[in-house]
Amino acid sequence: MKIVLVVDQYDHSNNGTTITARRFAEQLRRRGHRVKVLAAGEPEPDKITVPIHTIPFFQPLVDAQGMCFAEPVDEAYYQAFKDADIVHFYMPFRFCRRGESIARQMHIPTIAAFHVQPENITSSIGLGKQEWANRFLYWWFKDVFYNRFHSIHCPSQFIAQQLQQHGYDAKLYVISNGVDNAFRPPQRPVVRTDDTLRVLMVGRLSEEKRQDLIIKAAQLSRHKQQIQLIFAGKGPLQKKYESLGATLPRKPVFGFYKQDELIELIHSCDLYVHASDAEIEGISCIEAFTCGLVPVISDAKLSATHQFALDPRCIFRAGDAQSLAQQMDYWFEHPVEKAEMSRRYAAYGDTMRVEHCVQQAEEMYSETIALWKKKGARQPQENIMRRISHPSVEKTARSYEKGWAGKSWLTALLTNLLSPLLYLLTALVWGFSMEGREHLRGLNGGAVTVMNHIHPMDCTMVRLATFPHRLHYISMRGNLELPLVGWLLKACGAIPLPDSTTGMLHLEKGLECGLRQGQWIHFYAEGLLVRYHEEIRPFHKGAFLAAVRGGCPVIPMRLVCDPPHGVRKLWRRKKPFLRLIIGQPLYRSEDLPLQEAVADLMERTHAAVAALGCDVSAETAPTS
């Protein structure tokens, strides 16, 4: 399979999501799959990079967590997705949400993973124990992202149950993130000459991870004088924990370790403590006990990690430092039992190797692709806010099958009134200019316009170029689902593409009727918006089928990017100016049958659009 993994952060293995993505990519490639990664950061083989997205005001908090967010770039999505069999999204944030929209437009099956527990976010802003805040994030994640997927990958049964309780109705695949083969018990026992009792925890230094509880338990332990706490990780609470641990006889050690260093560190420790109040799986705990290090795990109700406890003595009461101290002391004082438990945990960890998990993921991918082919892309669930904020796409599409006249005049009135304002806006903000309008003179009756799709506002530019003709344009369903904006697009003549075959057949009949009545209809023949893409991509045949059936010409257009110039260069800076070039109308070859005529017209139009602007260099572009 050709698989694309989309994740904001991929370079630094300082969190479970990044580690999982890197391991899955490596194992999938070993099993013969072609894997591309789309993420922010530095270039790597089979990785397409985008810039890091900075968030005003909150960026210091993001940096303190050792995280980064990726900047959505349409060109990068297009290059990554164009040959994919399936796209796997890892996080519900802006980068993956835009990627899902692009994949949907490219008709590529998708799957999402649930790696971001709401408590991880709310704890960072002091709301971790507020149930209303966590419930809101579960709802928001579902409403803006997860309800668009047939399948969701859950790293643990715990998080799958949480999603079910919060109304997620996609098919949930419970597959562990898996542990790398490098994590194994030491080949020979580690011999230490001192009496130090080394206690390890790996994880971000943040509120929900509860490193503070481990420090308090060490202070209550009977072996307080011998305990050396080691916290492997970074985070915003490091100074607080350093201050809290200063009263211990041996001050805690804080650091970030590469994988080889971490394995060596695990081998040198006596006990692993996982104190987190919120955890989707706890890959660091799995890595530790796979190396034979006995864990003591919190029984927090919002943490999945206590599912790995093989003995009641490996569990302590969440938030209770005295309970944790008692369990730590037990294992310090019973070395024979600890050695036997170490062997049990190492064998248990072998059942969770990443290669086994990737085999399950292969089945998940295959089933998801089959489901997508059967049902198509999943449509977002309707709710009260969605019905208020945007028009019904189905009703809008069906309404064009019944008649065009009233809508055409209303659309013409509204858009003609807006045209002077639109021209001023596009000229000032995007440096818009156009040429070739003389090719539109003398055209009577309906027409189809076709143009490359490289800017979100290019529909307004086509509207200006065809003024004062009454223009409708074919739009992706998702555009009319935008809050509030959907109503404006509907009023300006947007016609949503239906998802069903039956709906498409009805729309084709409606388009033929409208064209024969003299309507002008704009098609995005490339289908997908890719901002500032320089080449002309392959066309879909819908525009040309409509033109042939409607007995009207196709008007080729091309939006060209020019270097900024003149006074407006001051505010455009690196963004290009946009120039619309209109070509001569093209007609069907009358001597060809329908399907051949459609293919011929599409081929000639693609060549005509590609040729527009090629004889005029960017340096000779108009200066006003």
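Ile111 and Ile152 get closest at one heavy-atom pair: CG1-N, 4.5 Å. Of all heavy-atom pairs spanning Val37 and Ala25, the tightest one is CG2-CB, 4.4 Å. Cys96 and Phe145 get closest at one heavy-atom pair: O-CE1, 3.7 Å. Residues Ile297 and Ala309 approach most closely at CD1-N, 4.3 Å, considering heavy atoms. Of all the heavy atoms in Gln27 and Val358, the pair that sits closest is CB-CG2, 3.5 Å. Of all heavy-atom pairs between Arg98 and Asp74, the closest is NH2-OD2, 2.9 Å.
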List the steps, then state whether side-chain hydrogen bond (donor to acceptor under 3.5 Å, both in side chains) holds for Glu281 with Ser176. CA-CA 8 Å; Glu281 183 179 29; Ser176 171; 2.5 Å; yes
Check the pair Glu362, His33 against side-chain contact (heavy atoms from CB on, under 4.5 Å), reporting the backbone distance first and the verdict last. CA-CA 10 Å; Glu362 287 177 325; His33 302 286; 2.5 Å; yes
Apply the test side-chain hydrogen bond (donor to acceptor under 3.5 Å, both in side chains) to residues Gln359 and Glu355: give CA-CA distance (whole Å), side-chain angles for both, the deciding distance (0.1 Å), then the verdict. CA-CA 6 Å; Gln359 288 179 20; Glu355 58 263 31; over 6 Å; no
Please lay out, stage by stage, how Tyr272 and Ser284 fare under the test side-chain hydrogen bond (donor to acceptor under 3.5 Å, both in side chains). CA-CA 10 Å; Tyr272 183 87; Ser284 58; 3.1 Å; yes
Would His115 and Val7 satisfy side-chain contact (heavy atoms from CB on, under 4.5 Å), going step by step from the backbone distance to the final call? CA-CA 11 Å; His115 286 285; Val7 59; over 6 Å; no
Kindly determine whether Lys338 and Phe332 satisfy side-chain contact (heavy atoms from CB on, under 4.5 Å), including the steps that lead there. CA-CA 8 Å; Lys338 187 162 77 73; Phe332 291 150; 5.7 Å; no
Let me see the working for Trp372 and His107 under side-chain contact (heavy atoms from CB on, under 4.5 Å), right down to the final yes or no. CA-CA 9 Å; Trp372 186 93; His107 306 288; 3.9 Å; yes
Walk me through it: do Tyr241 and Phe254 pass the test ring-ring contact (aromatic ring centres under 6.0 Å, His included)? CA-CA 9 Å; Tyr241 291 157; Phe254 297 85; 7.0 Å; no
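For the pair Arg378 and Phe149, the cation-pi criterion (under 6.0 Å, within 45° of the ring axis) is not fulfilled.
Aromatic ring orientation, His334 versus Tyr330: parallel (interplanar angle below 30°, classes split at 30° and 60°). Classified by interplanar angle (parallel below 30°, tilted 30° to 60°, perpendicular above 60°), the ring pair Phe81/Tyr77 is tilted.
Residues Thr17 and Gln9 bring no donor and acceptor atom of their side chains to less than 3.5 Å of each other. Under the 3.5 Å distance criterion, with hydrogens and angles disregarded, no donor-acceptor pair is assigned to the side chains of Gln307 and Ser156. There is no side-chain donor-acceptor pair under 3.5 Å between Arg210 and Ser298. For Arg198 and Ser268, the side-chain atoms include at least one donor-acceptor pair closer than 3.5 Å.
With values rounded to the nearest 0.5 angstrom, Asn177 atom CG is found 6.0 Å from Phe24 atom CZ. Rounded to the nearest 0.5 angstrom, Leu213 CG and Gln322 CD are separated by 11.0 Å. The line from SG of Cys285 to NE2 of His274 is 6.0 Å long, rounded to the nearest 0.5 Å. The distance from the OG1 atom of Thr20 to the NE2 atom of His153 is 7.5 Å, given to the nearest 0.5 Å. Within the model, atoms OH of Tyr345 and OG1 of Thr290 stand 10.5 Å from one another, a figure rounded to the nearest 0.5 Å. Distance CE/Met328 to CZ/Arg222: 11.0 Å, rounded to 0.5 Å.
In summary, the aromatic rings of Tyr168 and His166 are positioned with their centroids too far apart to meet the 6.0 Å limit. Taking the six-membered ring wherever Trp is involved, the centroid distance between the rings of Phe114 and Tyr146 falls below 6.0 Å.
Under the side chain to side chain donor-acceptor pair (under 3.5 Å) criterion, Lys171 pairs with Tyr173, Glu367, sequence neighbours left out.
At least one side-chain heavy atom of Ile214 sits less than 4.5 Å from a side-chain heavy atom of Leu324. At least one side-chain heavy atom of Leu38 sits under 4.5 Å from a side-chain heavy atom of Phe95. When side chains are defined from C-beta on, Phe136 does not count as touching Leu127, because their heavy atoms never get closer than 4.5 Å. Side chains of Phe316 and Gln326 form no contact here, defined as non-hydrogen atoms less than 4.5 Å apart. Phe256 places none of its side-chain heavy atoms less than 4.5 Å from the side chain of Phe231.
Here the side chain of His150 pairs a donor or acceptor atom with the backbone of Gly376 at under 3.5 angstrom. Between the side chain of Glu119 and the backbone N or O of Asn134, no donor-acceptor pair lies under 3.5 Å. Distance alone, capped at 3.5 Å, places no donor-acceptor pair between the Ser243 side chain and the Lys239 backbone. Checked by atom type and distance alone, the side chain of Asp8 pairs as donor or acceptor with a backbone atom of Ala70 at under 3.5 Å. Here the side chain of Asp85 pairs a donor or acceptor atom with the backbone of Lys2 at under 3.5 angstrom. A donor-acceptor pair under 3.5 Å is absent between the side-chain atoms of Arg97 and the main chain of Val144, judged by distance alone. Within the 3.5 Å criterion, the main-chain N or O of Asn120 finds no donor-acceptor partner in the side chain of Arg204. The closest donor-acceptor contact from the side chain of Glu71 to the backbone of Pro51 lies at 3.5 Å or more, if one exists at all. Of the possible polar contacts, one joining the Arg250 side chain to the Gln225 backbone as a donor-acceptor pair under 3.5 Å is found. Looking at Lys47, its side chain does come within 3.5 Å of a backbone N or O of Ala40 through a donor-acceptor pair.
A side chain to side chain contact (heavy atoms under 4.5 Å, CB included) with Leu172 is found for one member of Gln161, Gln157, Gln164 and no other, namely Gln164. Exactly one residue among Ile230, Leu271, Val253 makes a side chain to side chain contact (heavy atoms under 4.5 Å, CB included) with Leu200. That residue is Ile230.
Taking a cutoff of 4.0 Å between a charged side-chain nitrogen and a carboxylate oxygen, Arg30 and Glu26 qualify as a salt bridge. Ion pair Arg313/Asp311 flagged as a salt bridge, since at least one NZ, NE, NH1 or NH2 atom sits closer than 4.0 Å to an Asp/Glu carboxylate oxygen.
Residue pairs meeting the salt bridge (Lys or Arg N to Asp or Glu O under 4.0 Å) criterion with at least one partner in residues 172-188, sequence neighbours excluded, are Arg184-Asp350.
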